Amino acid sequence: MSKKEEIYNKDYQSRMNRYYDEFKWLYMELYQDQYAAFHDLCDDLHAYFQARETDLKERDCERSADPQWYRGNDMLGMMLYVDAFAKDLNGVREKIPYFKSCGVNYIHLMPLLDSPEEKNDGGYAVSDFCRVKPELGTMEDLKRLAEECHEQDISLCLDFVMNHTSEEHEWARRAKAGEREYQNRYFFYDNYDIPSQFERTVPQVFPTTAPGNFTWNPDTGKVVMTTFYPYQWDLNYGNPTVFREMVGNMLYLVNQGIDIIRLDAVPYIWKQPGTNCRNLPQVHNIVRMMRIICEVVCPGVLLLGEVVMEPDKVAPYFGTVEKPECHMLYNVTTMASLWHTVATKDARLLRRQMDIMHALPKEYVFQNYLRCHDDIGWGLDYAFLRSFGMEEVSHKKFLNDYFTGKYEGSFARGELYNASEELGDARLCGTTASLCGVEMAVDENKDERAAAVGENTGNMTGAVINGTDGDVSALVFDGRHDTMPHPISGIAADDALNQAIRYDLTLHAFMLAQSGIPVIYSGDEIGETNDYSYHDEPKKRDDSRYLHRGAFRWDLEEARHREGSVQQRIFDGLRQMEQIRSSHYVFRADADVWTVDTWDDSVLGIIRSGAGQKLVTLYNFSDQDRIAWINENDGMYTDLLSGSRMEAKGVQMPAFGCRWLLRDCDVCEAGR
C-alpha cells in the first residue's frame, strides 16, 4: 500500500469514528436489534471506499479542504437528456467544449440507467441501477465522460431513483415468481384490506393518469403498492436489506465519478398506515444516514434532494447546521411563484416568497431554475393569495388558460399535463422561450420575414436558416443596432419579439441573482421553442412533457454566431449576466439579501450586500414601462447590464426589463 493510500485509509477511519455512534443510533431507530445487518453495512461502506479510484479520493480531499466549494458565485448548471442532446454518452463527451463556451461547470444528466423501452416514465422506472441504457452507451462510457469532465473542472449530477423500481427489475421479477424474500422488498398484500386503509389517508400523485396507490398483480395474485405508476413498485425501506442494497447502488454510481446524487421523490420513501406517507420522520433518518455515508465514503459528493412540496415541507430536508441532510434542494416554490407573477403581472406573492427564502440560514443552498424536464405545478401560497381575492381553483384555471394562450392578451404558448376537470387542476408544460412569448412573436412576424421587410425599425429581415414556419433560426435583425433595444434594460423601438427576448433574459436575470446554484434547462440558452413533433410519436403523444423535451437544435446553436439572431441575443445576453455574476462578490451565497419597496406591484426590488458592495436588482413584470420608486440615498450607481450610470431613485424600468445597479463606489472592488 502506498503512503498516499495509507493517508486515505486513515482519513476514512477518522471519518467513520466521527459519525459511528450517530450512524448506529439512527440505524437502530429504524431497524431494532439488527446489529449484524448494521455491521454488514459498515463492511460494505469500507469495501466501496477501497474500490474508489485514487483520483476520486484526491478530489474528495480537495473538496473536504474547501467544504464551501459549491456555494460560490461561479457555479452554473445545465440539465439535459443524453439522447436529446447528443444521442449518447460519447456524444455528450464530445460536446464538452460547448459546455465550456456556455460557462457551465455542472451538468445534470437526466435518467440514463437501464429501464424498459415503453413503461419507463422518462427513465424513472429503473430496471438495473448498475447498467446504462444500451442505446446511450455503457457504464464505461459514463465513467470516461466523468473523467474528462473532471479534467475540465465540470461536475456531473445523476438521478438516483430511490422510492421504487421498475416492475422489470430483477427484484420485481423474482417477486412475481413467488419468492417471498423479494416480495418483502416491496409492499405486497393478499387482498385490498390494508391497501384500503392506506387509500383513506394517502393522496394520489397522478389521479387522472394513474389513480390510486396500489395495483393488482396477476402474476402473484396480490396487490402491490405503486404510488406513481402501476409499473413502478414502491420499495419497502422498513426492510434493512432494501436500505443496504440501495446504498450499494448509490455508492457504485459515485465510484463511476458522479459528483452529485439527485435523490428522486425522497419525501415518499417511508410508508406507514394512517399517515399520508409523505415527509415522515423516518425519511429524515434515512436521508441523514445517506449524508453520513457520503461524508465517510466519498466526502466530495453532494446530495441534491428532489422535494416538490410546499415551502414548510422543503427546508427540513436540509436538516440542521449541526446534523445536515441534503447539501442542496430545488427552489420549486420560487419557480412556480415566478410564473404566477408572469401571468398576473403582480409581484407581491414573489416578494413574499423571496422574504421567506432570505430568512433561511445562509448555509442552505438552493438550486434555482426557470424550467426543468418536468411540468410546472401550481403549489402556491393560496392563503396569501386569497387576501387579494385569488381563490385556488379559479386562479389555477386562469394560470393554465394564460399559459396555453387561451386568455385574451396572453403571449404564452404551452400545453397542460394531467388536467383534471373534476379537481380543477392541471400542470403546465412548455419551454421558457415559448412561455415568454418568443414563439408567438415568431408566428406573428413570419409574414414579414417571408417578405424580407426591414426598415431600420428593429423588425426582422427575411434571412432564412433552415427555416420552417415558426423556426426561430430564421429571425435575424437588419444589423443597424442603433435602433435595437439593449437585450435587457435598454429602451428603443419595440416589437413583440424584442419584448419576448427581453422578458426571457429578465427571468434568467432574476434566477441568476438569487443565492444558490442557477441551472439552465438545455436549449433555453439558445431560446428553443416548443417541440410539437411528439404529437406524431405514439410512445410520447400521451405525455405533454415531451413538448419541452425535444431534441437539442444544433442548427439553432450555430445561429448563435449570427449577429442579431434570436439565438445570439439570448445566448450572449445570458453569458453577459453569468460572467457578471461570477466576477462580483456580492452574488455569493453569504451575502445579505432583502427586498425593497418599489411602490409598484409590478416591479420587484431586491438588494444584495456583502464585502462592502451593494447591488440593487429591479425586475418589471409589466408589459408597460414603469418607475421603481426606490430611494437609495448613497450615491451614483452603474447598471451592470447596460453600463448606464444613474441614481437609485425613481428608476425607469422598460416593459419586461430589469436592472442590476451596483453602487459606484463598489465598482472598483467588484471583482475581488
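Predicted model, so just to flag it, every value in this text is computed and none were measured. Excluded from the calculations below are hydrogen atoms, water molecules and symmetry mates; all remaining heavy atoms, backbone and side chain alike, are included.
Counting heavy atoms from C-beta on, the side chains of E147 and E53 come closer than 4.5 Å. Put simply, the side chain of H358 reaches to within 4.5 Å of the side chain of I606, judged on heavy atoms. Within the 4.5 Å cutoff, no side-chain heavy atoms of T227 are placed close to those of H164. R59 has its side chain within reach of D259: a pair of non-hydrogen atoms, C-beta onward, lies under 4.5 Å apart. The shortest side-chain heavy-atom distance between L41 and F23 falls under the 4.5 Å cut-off. Side-chain contact between V161 and L113 is absent, with no heavy-atom pair separated by less than 4.5 Å. The closest side-chain heavy-atom distance from D44 to V247 is not below 4.5 Å.
Checking each of V301, L142, L109 against I258 for a side chain to side chain contact (heavy atoms under 4.5 Å, CB included) leaves exactly one that passes, namely L142. Of the residues listed (E22, E295, E322, E29), the one engaging R288 in a salt bridge (Lys or Arg N to Asp or Glu O under 4.0 Å) is E22, and it is the only one. Checked options Y521, Y330, F510; the residue passing with Y369 is Y330 (criterion: ring pair (Phe, Tyr, Trp, His ring centres under 6.0 Å)). Partner D639 forms a side chain to side chain contact (heavy atoms under 4.5 Å, CB included) with one of V651, L618, L661 and no other, that one being L661.
Taken from CG in L507 to CG in L435, the straight-line distance is 9.5 Å, to the nearest 0.5 Å.
In summary, the side chains of R608 and S515 do present a donor paired with an acceptor at a separation below 3.5 Å, with no hydrogens or angles considered. Of the N and O atoms on the side chains of H548 and R371, at least one donor lies less than 3.5 Å from an acceptor on the other residue. Looking only at atom types and distance, the side chain of N105 has no donor-acceptor partner in the side chain of D153 under 3.5 Å away. Looking at D43 and H39, their side chains never bring a donor and an acceptor atom within 3.5 Å of each other. Between the side chains of R63 and S155, at least one donor N or O lies within less than 3.5 Å of an accepting N or O. Defined by atom type and a distance below 3.5 Å, a donor-acceptor pair is missing between the side-chain atoms of Y48 and N255. Side chains of E5 and N9: a donor-acceptor N/O pair is absent below 3.5 angstrom, by distance only. At a cut-off of 3.5 Å, with distance as the only test, no side-chain donor of R291 or Y19 sits close to an acceptor on the other residue.
Legend: residues meeting ring pair (Phe, Tyr, Trp, His ring centres under 6.0 Å) with Y252, ordered by chain and number and at least two apart, are absent.
Ring-plane geometry between Y619 and F621 is classed as tilted, the angle between the planes lying from 30 to 60 degrees on a 0 to 90 degree scale. Between F587 and W660, the ring planes are tilted. Angles from 30° to 60° get that label. F318 and Y364 have parallel rings, their planes meeting at less than 30° on a 0 to 90° scale where 60° marks the start of perpendicular. Using cut-offs of 30° and 60° for the angle between ring planes, the Y317 and H284 rings count as tilted.
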Original post:
I260 and Y106: side-chain contact (heavy atoms from CB on, under 4.5 Å), yes or no, with the steps?
Top reply: CA-CA 9 Å; I260 301 152; Y106 161 28; 3.3 Å; yes
**OP:** List the steps, then state whether side-chain contact (heavy atoms from CB on, under 4.5 Å) holds for Y12 with Q50.
**Re:** CA-CA 10 Å; Y12 170 86; Q50 294 283 53; over 6 Å; no
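Checked by atom type and distance alone, the side chain of R659 never pairs as donor or acceptor with a backbone atom of M653 at under 3.5 Å.
Comment: E578 does not engage R581 in a salt bridge, judged by the lack of any side-chain N to carboxylate O separation of less than 4.0 angstrom. The residues R71 and D66 are annotated as not salt-bridged, no charged nitrogen and carboxylate oxygen being separated by less than 4.0 angstrom. R663 and E632 are not joined by a salt bridge, as no carboxylate oxygen comes within less than 4.0 angstrom of a charged side-chain nitrogen.
In R18, the CZ atom is not crowded: 12 or fewer heavy atoms of neighbouring residues, nucleotides or ligands sit closer than 6.0 Å.
Residue pairs satisfying the ring-ring contact (aromatic ring centres under 6.0 Å, His included) criterion with at least one member in residues 591-616, sequence neighbours excluded, are absent. Identified under the salt bridge (Lys or Arg N to Asp or Glu O under 4.0 Å) test for residues 360-369, with sequence neighbours left out: K362-D592.
Both the sub-6.0 Å distance and the 45° axial angle are satisfied by R348 relative to the ring of F388.
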